[in-house]
Amino acid sequence: MLQEALREINRGSAEIIDNERIEKLLKAYFEEGKTYTVKAGFDPTAPDLHLGHTVLLQKLATFQKYGGRVQFLIGDFTASIGDPTGKNITRKILSKEDIKKNISSYTTQAFKILDESKTDIVYNNDWLAPLGSIGMLELASNLTVARMLERDDFSKRYAAQTPIALSEFMYPLLQGYDSVHLKSDIELGGTDQKFNLLMGRQLQKAYDVKKQQAVLMMPILEGLDGIQKMSKSLNNYIGVTDEPNDMFGKVLSISDELMWRFYELLSTKSLEEIAKIKSAVEDGSLHPKKVKEDLAIEITCRFHNEELANNAKVEFDKIHAKSQIPTEIDEFSCDSEIWIAQALVDCNIEPSTSQARRDIKQGAVKIDQEKISDIQLQLSAGEYILQVGKRKFAKLKVN
RNA sequence: GGUGGGAUAGUCAAGUGGCCAACGACGGCAGACUGUAAAUCUGCUCCCUAUGGGUUCAGAGGUUCGACUCCUCUUCCCACCA
């Protein structure tokens, strides 16, 4: 039982620091029913969770299964100083209401995975704000500049001559102090967080908390391209609030190679099961497309439901395998005869008439499933299904 | 505070008076192909009813028939020195 739990906790993890402590905590749970705390921090600036975030959430849920109480930390204080990523972007300070709104959408998304009854939502503004400037300076005395510059992303940015704000140096300290205040037993984070996570251990020691948190790091999930990390700004993400059809399609679009990574980090199938599937694909008895479809359905199911997931599959086949039009299309109407390029822009499937012209020339535009080539075409009264490429559709009614 | 270097399209990055709507790379879009929105190959990639017109190279002025390119000031970034 204990071994099984430990194996499940280890699954997919990139690195664990102080594994013995985790074993001890679990043993105490299995033998005496003792619970412990698992901390993970979230930034309230990005309200849309994607699958990259859920890797961590799923790991937290695993701990909840085995006696862990999750400290779901909202970094509302740290967000207000956060890390300004390069360039001259002045960071906008989030208003209280914005943060609140973000958080509530955040948590409703997170509780699709986490057990709400075993989760404490905490805000670091509650203890960081009262810290004051003296407390802040005291905190800062725990770290030298040299050590800070050792940190990979700082040294890289320094070398690349991108600016680093002084306040960014405070970020790991504050995050570490959160662990001091919360007396966390374990902290979870991505591998990119290593420095900050270790800071928690160091500060817990410095502030004499009597324990040092164990650290479990999850790998960063690759995005749809399979190379860069999944992130919203790179637009290679699958959002947990994505429409079922999109979600299904996006999963199906990943490479066969990446699919196994997704299985390991996102599927709830056991490792044995996955190994079995993998060997079946290798010996040719199972088609990779089928395996990917199953994954797409599992994931779509998790964030929507079975019916919607199955519909998404049917819909996908309809559009791509049989190249038919989707069941639901956005409808638009206009009052008089309209030029085709303008119509495409008005229906939001082309960004400009210039782009529309180019696409028409390339044979990418279809009306009622028929390719068109006349740039000057006028649409007279009637109903049309407009299509650009394989994925952009609109229905237009001309009166 | 001083000295020097820099700011070019979504990103990186060429371009040192007309050949510049601006090389190239990445990204993005499309076409062909495919089990796929993958991979690969090909084309496109500022806007405008367009063999033409308009607006761009941090910002404001100036020199010039003509400026991304030269001059002045401003803003921001980087390095070295203090």
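Because only heavy atoms are used, hydrogens play no part in the values below, and waters and symmetry mates are left out as well, while side chains stay in. Sequence lines set the chain letters: A, B, ... in the order given, protein chains first and strands last, and positions in each chain run from 1.
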For A:Arg11, give me all partners under salt bridge (Lys or Arg N to Asp or Glu O under 4.0 Å), at least two apart in sequence or on another chain.
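A:Arg11 satisfies salt bridge (Lys or Arg N to Asp or Glu O under 4.0 Å) with no other residue.
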Quick one: label A:Lys366 by what it contacts on the DNA or RNA (base, sugar-phosphate, nothing), any heavy atom closer than 4.0 Å.
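Contact class for A:Lys366: none.
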B:G31 base to A:Gln362 side chain: any donor-acceptor pair below 3.5 Å?
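No such pair is found, so the answer is no.
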For A:Tyr263, give me all partners under ring-ring contact (aromatic ring centres under 6.0 Å, His included), at least two apart in sequence or on another chain.
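Partners of A:Tyr263 by the ring-ring contact (aromatic ring centres under 6.0 Å, His included) criterion, ordered by chain and then number, come out as A:Trp260.
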Partner set under ring-ring contact (aromatic ring centres under 6.0 Å, His included) for A:Phe111, not counting sequence neighbours:
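Checked A:Phe111 against ring-ring contact (aromatic ring centres under 6.0 Å, His included); zero matches.
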Output one letter per nucleotide in nucleotides 48-54 of chain B: B when a protein non-hydrogen atom lies under 4.0 Å from the base, S when only the sugar-phosphate is that close, - when neither is.
BBB----
Summary of protein contacts for nucleotides 34-41 of chain B, nucleotide by nucleotide, where a base hit scores B, a sugar-phosphate-only hit scores S (4.0 Å, heavy atoms):
-BBBS---
Near RNA chain B, counting only heavy atoms under 4.0 Å, which residues of residues 294-306 of chain A show up?
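Listed by number, there are none.
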Scan residues 256-272 of chain A for pairs that pass salt bridge (Lys or Arg N to Asp or Glu O under 4.0 Å), counting only residues two or more places apart or in two chains.
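Matches after skipping sequence neighbours: A:Glu222-A:Arg261, A:Asp256-A:Lys292, A:Lys269-A:Glu298.
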Scan for salt bridge (Lys or Arg N to Asp or Glu O under 4.0 Å) pairs involving residues 347-367 of chain A, sequence neighbours excluded, and state none if there are none.
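Counting only pairs at least two positions apart or across chains, no salt bridge (Lys or Arg N to Asp or Glu O under 4.0 Å) contact touches residues 347-367 of chain A.
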Hydrophobic clusters join Ile, Leu, Val, Met, Phe, Trp and Tyr when side-chain heavy atoms are under 4.5 Å apart, directly or via other members; which others share one with A:Leu198?
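Via sub-4.5 Å side-chain contacts, A:Leu198 links to A:Ile17, A:Leu197, A:Val215, A:Met217.
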Residues 379-396 of chain A side chain polar contacts: donor-acceptor under 3.5 Å, at least two apart:
from     : atom 1 : to       : atom 2 : distance (Å)
A:Tyr384 : OH     : A:Ser380 : N      : 3.4
A:Tyr384 : OH     : A:Ser380 : O      : 2.7
A:Gln387 : NE2    : A:Gly389 : O      : 3.0

Side chain to side chain donor-acceptor pair (under 3.5 Å) contacts touching residues 275-287 of chain A (sequence neighbours left out)
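Sorted result for residues 275-287 of chain A: A:Asp283-A:Ser285.
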Between the side chains of A:Glu293 and A:Lys289, is the shortest nitrogen-to-carboxylate-oxygen separation below 4.0 Å, so that they form an ion pair?
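Yes, charged N to carboxylate O under 4.0 Å.
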Roughly how many Å apart are B:U36 and B:C44, using the C1' atom of each and rounding to a whole number?
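24 Å, rounded to whole Å.
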Is there any protein nitrogen or oxygen under 3.5 Å from a nitrogen or oxygen in nucleotides 55-57 of chain B, and what are the pairs?
none

